[in-house]
Amino acid sequence: MKFLVVDDSTTMRRIMIHALQRLGYSEFVEASDGHEALAKFDSSVKFIITDWKMPIMSGTEMVHALRQRDDGRTVPVLLVTSRVASDNIISVLELGASNYIMKPFTPHVLKEKIESVLISTVV
């Protein structure tokens, strides 16, 4: 399964990819903001993990734009955030994010979130 990992921090992208590799995944595309992610997104991408707050185009803006595209309506999106306000999380889920994960996270928690999203998209 190919992941699109989106974060303005190269270090955070490396951390996420390393965690995904520990979970057995090996295909990745990287982007530093939502605009770049939309440009790199294609049908080979099966899961997106994106930071919430980024310059140029945020994760929330990217999710909104992605859901307007025929090829992006159903791809699972896991939003990475340090925000804890429930109204912020609810608004992102309403925009079309599949789920969210709070920073900092462990590979175990990442695995649980990915599996949860994949199960819910199959049902």
Side-chain angles (χ1 to χ4, degrees):
M1 176 166 46
K2 186 185 230 178
F3 285 81
L4 174 54
V5 178
V6 188
D7 199 297
D8 57 312
S9 165
T10 304
T11 301
M12 192 62 195
R13 288 195 312 269
R14 290 283 141 239
I15 289 168
M16 285 192 278
I17 288 172
H18 180 71
L20 290 165
Q21 288 171 327
R22 288 182 55 195
L23 297 173
Y25 299 107
S26 60
E27 292 185 73
F28 311 99
V29 177
E30 296 181 51
S32 60
D33 61 62
H35 182 72
E36 182 181 359
L38 291 172
K40 290 185 173 185
F41 177 76
D42 63 32
S43 63
S44 68
V45 173
K46 302 302 180 195
F47 203 108
I48 298 172
I49 300 176
T50 183
D51 190 23
W52 180 313
K53 187 174 179 171
M54 297 177 288
I56 302 174
M57 180 184 271
S58 71
T60 56
E61 293 168 326
M62 190 239 358
V63 170
H64 180 71
L66 183 69
R67 295 303 186 224
Q68 305 305 308
R69 293 171 50 161
D70 288 337
D71 62 346
R73 288 195 177 122
T74 60
V75 66
V77 178
L78 184 63
L79 193 78
V80 180
T81 183
S82 57
R83 299 175 185 222
V84 292
S86 60
D87 58 333
N88 288 336
I89 299 303
I90 291 169
S91 67
V92 167
L93 295 175
E94 288 173 346
L95 275 176
S98 306
N99 208 331
Y100 68 95
I101 189 168
M102 300 293 296
K103 290 179 190 177
F105 57 85
T106 64
H108 177 73
V109 172
L110 181 61
K111 178 182 178 189
E112 287 178 348
K113 289 289 187 171
I114 291 170
E115 289 175 353
S116 171
V117 168
L118 291 175
I119 288 169
S120 68
T121 58
V122 171
V123 174

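- With values rounded to the nearest 0.5 angstrom, Phe105 atom CZ is found 8.0 Å from Leu78 atom CG.
- Between Ile17 and Phe3 the shortest side-chain heavy-atom distance does not fall below 4.5 Å.
- Side chains of Leu4 and Val29 form a contact here, defined as non-hydrogen atoms less than 4.5 Å apart.
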Criterion side-chain contact (heavy atoms from CB on, under 4.5 Å) on Leu66 and Ile48, from CA distance to verdict: CA-CA 11 Å; Leu66 183 69; Ile48 298 172; 3.5 Å; yes
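- Under the side chain to side chain donor-acceptor pair (under 3.5 Å) criterion, Arg69 pairs with Asp71, not counting sequence neighbours.
- Val109 has its side chain out of reach of Met102: every pair of non-hydrogen atoms, C-beta onward, lies at least 4.5 Å apart.
- Shortest non-hydrogen contact noted between His64 and Gln68 is O-CG, 3.2 Å.
- The shortest heavy-atom contact between Val63 and Ala97 is CG1-N, 3.6 Å.
- By the 4.5 Å heavy-atom criterion applied to side chains, Leu79 and Ile101 are not counted as neighbours.
- When atom types are taken as modelled, the side chain of Lys113 and the backbone of Tyr100 share a donor-acceptor pair closer than 3.5 angstrom.
- Remark: side-chain polar atoms of Ser98 are paired, donor with acceptor, to backbone N or O of Val77 under 3.5 angstrom.
- Contact of the Asn99 side chain with the Ser116 side chain is registered, since non-hydrogen atoms from C-beta on lie closer than 4.5 Å.
- Atom CG of residue Leu95 and atom CZ of residue Arg67 lie 10.0 Å apart, to the nearest 0.5 angstrom.
- Between atom CE of residue Met57 and atom CD of residue Glu36 there is a gap of 12.0 Å, rounded to the nearest 0.5 Å.
- Cluster membership for Phe47 and Leu110, using ILVMFWY side-chain heavy atoms within less than 4.5 angstrom, is shared.
- Among pairs with a residue in residues 9-21, those fulfilling salt bridge (Lys or Arg N to Asp or Glu O under 4.0 Å) read Arg13-Glu30, Arg14-Glu30, at least two apart in sequence or across chains.
- Counting heavy atoms from C-beta outward, Val75 and Phe41 have side chains that approach closer than 4.5 Å.
- The closest side-chain heavy-atom distance from Thr50 to Met62 is below 4.5 Å.
- Expressed to the nearest 0.5 Å, how far OG of Ser9 lies from CD1 of Ile15 amounts to 7.0 Å.
- A single hydrophobic cluster is seen to contain both Leu118 and Met16, as judged by linkage of ILVMFWY side chains at heavy-atom distances under 4.5 Å, directly or through other members.
- Note: Ile114 CD1 to Ile49 CD1 = 4.5 Å, rounded to the nearest 0.5 Å.
- Of the possible donor and acceptor atoms, one in the side chain of Glu61 sits under 3.5 Å from a partner among the backbone N and O of Ser58.
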Please table the atom pairs, donor to acceptor, closer than 3.5 Å between any side-chain atom in residues 20-28 and protein atoms at least two apart or in another chain.
none

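- In summary, the side chains of Lys103 and Ser82 do not present any donor paired with an acceptor at a separation below 3.5 Å, with no hydrogens or angles considered.
- In this structure, Val6 and Met54 have side chains that are in contact, with non-hydrogen atoms separated by less than 4.5 Å.
- Remark: Asp42 CG to Lys40 NZ distance equals 11.5 Å, nearest 0.5 Å.
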